[in-house]
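What you are looking at is a predicted structure, and each value in this text was computed from that prediction instead of being measured. Atoms within a ligand are numbered from 1 in the order they appear, just like the ligands themselves. Every heavy atom of this structure was used, including side-chain atoms; hydrogens, water molecules and symmetry mates were not.
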Amino acid sequence: MGSHLDTQPTGGKFDGVLGVLGALEALRTLVEAGYETFAPIEVVNWTNEEGARFSPAMTSSGVFAGAFDRAWAVSRRDRSGETFGAALEAIGYRGPERCGAHPLSAFFELHIEQGPILEAEAKDIGIVTGVQGMRWYEASVVGQDAHTGATPMHLRKNALVGAARLVDKVDAIARAHPPLAVGTVGSLEVKPNSPNVVPGEVHFTVDFRHPETAVLDSMERMLFAAVAEVCGPLRLEATATKIWDQPPVAFDAGCIAAVREAAAQSGFSAREIFSGAGHDAAYVARVAPTAMIFVPCRDGISHNEAEFSSKEQCAAGAQVLLQAVLNYDRALAERHAR
Ligand code: HGY
Ligand code: MN
Ligand code: MN
């Protein structure tokens with residue numbers, strides 16, 4: 001069981017944290033009850049799930065699942081140039097065990113939904129069947145720094161005008177693939193970022209998501225075409241590089257059944273749901289049977305300090321997490337007894 005404790009610059013108190021503390025509470029409950037499971041039970045806190053400082057997201061679960069090379073992951077740099085490995089070293093989190101050496105017989109992750117569906121349908125629990133596909137790109141637009149007063153409009157190479165038009169294109173590309181596609185430019189850096197300098201350089205990120213790979217491919221083609229289409233006439237040099245590609249994930253039927261049964265046993269209303277947000281479980285699913293449990297969050301708001309789920313909602317999630325793990329553990333014991 002587990003999730004992550006890292007967050008966003010203006011993150012809330014539940015994204016990731018609920019899954020780690022809920023797992024800890026479930027483990028403590030087993031210990032207090034003196035209940036011995038068939039398989040060992042562990043709590044996992046996956047480092048750098050958000051990718052907010054060191055991109056891409058879900059780095060440690062990605063290394064654990066073999067999706068990322070460990071050396072590549074620890075070499076990722078933040079905006080100040082510090083590497084992920086050096087930052088881990090600095091806080092003593094660069095442990096001795098090789099990430100991925102430790103097999104799991106199954107993995108269950110409790111998380112807030114981060115969207116509006118469960119609350120709108122007054123459902124206590126989301127039985128998560130999978131996670132949509134997601135891709136990140138780093139884009140750079142290069143023009144020429146120039147004086148804002150002395151440079152005529154027709155002589156400018158204004159990187160921010162090109163980037164601004166591409167930001168709108170990213171939005172339009174998502175809207176061109178309704179109803180499920182989403183596209184976002186979430187971070188943008190202007191250089192030299194001075195009131196009286198025509199910006200000569202802009203760097204920004206693109207986040208595309210959709211449940212189907214073919215649609216993500218179409219969105220990607222449109223993005224690369226837009227970069228050339230927008231920046232050529234503005235005499236700008238522009239590049240967009242894919243830095244992360246997490247295909248859609250379907251969770252394990254046995255784990256999903258354990259969650260469905262757990263919700264029913266615990267007397268909670270539930271519905272199946274596909275995750276719009278990315279999670280460590282999406283990578284762990286590559287190397288172990290995996291499923292997730294969602295609880296509602298107020299107004300579906302997340303990645304926002306206003307993020308909120310009630311104690312009762314959190315407790316319901318922890319209860320279903322514990323029960324799902326016990327259901328799966330019992331099935332594992334029966335399989336091994338045969
Ligand atoms: O990007 C995500 O979906 C996750 O919150 N890291
Ligand atoms: Mn999360
Ligand atoms: Mn998050």
Side-chain angles (χ1 to χ4, degrees), residues 1-23 43-65 67-68 73 76 78 84 107-118 126 128 130-138 170 174 180-187 205-211 216 242-249 251 273-285 290-309 313-314 317-318 321:
M1 307 180 276
S3 191
H4 63 94
L5 293 179
D6 64 308
T7 183
Q8 290 289 339
T10 55
K13 297 192 283 290
F14 298 85
D15 175 0
V17 176
L18 172 63
V20 175
L21 296 187
V43 175
V44 183
N45 162 26
W46 299 102
T47 305
N48 194 35
E49 186 278 343
E50 294 291 356
R53 178 180 169 192
F54 300 100
S55 69
M58 291 149 238
T59 314
S60 302
S61 51
V63 171
F64 184 88
F68 298 136
R76 299 297 291 160
D78 66 8
F84 182 33
F107 177 68
F108 290 84
E109 179 169 2
L110 167 61
H111 207 286
I112 54 171
E113 179 199 336
Q114 300 179 291
I117 297 169
L118 294 178
V128 189
V131 182
Q132 69 176 338
M134 45 201 75
R135 295 181 185 175
W136 283 6
Y137 306 81
E138 281 177 350
V170 164
L180 297 176
V182 287
T184 318
V185 173
S187 70
T205 58
V206 177
D207 176 320
F208 278 159
R209 306 201 187 190
H210 194 277
L216 287 168
K242 183 158 66 178
I243 60 158
W244 185 41
D245 185 342
Q246 162 66 353
V249 172
F251 285 143
I273 190 168
F274 199 66
S275 179
H279 299 287
D280 292 306
Y283 273 131
V284 180
T290 298
M292 291 184 73
I293 298 131
F294 276 175
V295 294
C297 55
R298 189 169 54 197
D299 302 331
I301 294 289
S302 181
H303 283 192
N304 180 316
E305 291 168 345
E307 184 180 273
F308 178 81
S309 292
Q313 289 170 328
C314 294
L321 172 67

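The closest approach between any non-hydrogen atom of H303 and ligand 1 is below 4.0 Å. Heavy-atom distances between H279 and ligand 1 stay at or above 4.0 Å for every pair.
If you look at H4 next to ligand 1, there are no close heavy atoms at all, none under 4.0 Å.
Draw a line from the Mn ion (ligand 3) to OE2 of E50 and another to NE2 of H303, and the angle between them is 110° (to 10°).
Checking only distances, E49 does come within under 3.5 Å of ligand 1, N or O to N or O. Residue contacts with ligand 1: W136 is placed with no nitrogen or oxygen under 3.5 Å of a nitrogen or oxygen of the ligand (distance criterion only).
Between P9 and A52, the shortest heavy-atom distance links the atoms CD-CB, 4.2 Å.
Once rounded to the nearest 0.5 Å, the distance linking NE2 of H303 with OG1 of T7 reads 7.0 Å. The CD atom of E109 sits 6.5 Å away from atom NE2 of H4, with the distance rounded to the nearest 0.5 Å. Atoms CZ and CD1, on F308 and I112 in that order, are 11.0 Å from each other to the nearest 0.5 Å.
For atom 1 (O) of ligand 1, the nearest non-hydrogen atom of the protein is R209 NH2, 2.8 Å.
In the model, E305 has no side-chain atom that pairs as donor or acceptor with a side-chain atom of T10 under 3.5 Å.
When ring centroids are compared, F251 and H279 stay outside the 6.0 Å threshold. Note: W46 and F64 meet the aromatic proximity criterion, with ring centroids under 6.0 Å apart.
When you scan the N, O or S atoms of H4 for the one nearest the Mn ion (ligand 2), you land on NE2. D15 contributes atom OD2 as its closest N/O/S atom to the Mn ion (ligand 3).
Counting atoms of ligand 1 from 1 in the listed order, those under 4.0 Å from a heavy atom of G278 are 2 (C), 3 (O), 4 (C). Ligand-side atoms of ligand 1 in range of A277: 3 (O), range being under 4.0 angstrom from any heavy atom.
H279 lies apart from the Mn ion (ligand 2) in this respect, since none of its N, O or S atoms is found at a distance under 2.8 Å.
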F84 vs R53, side-chain contact (heavy atoms from CB on, under 4.5 Å): CA-CA, chis, key distance, verdict: CA-CA 9 Å; F84 182 33; R53 178 180 169 192; over 6 Å; no
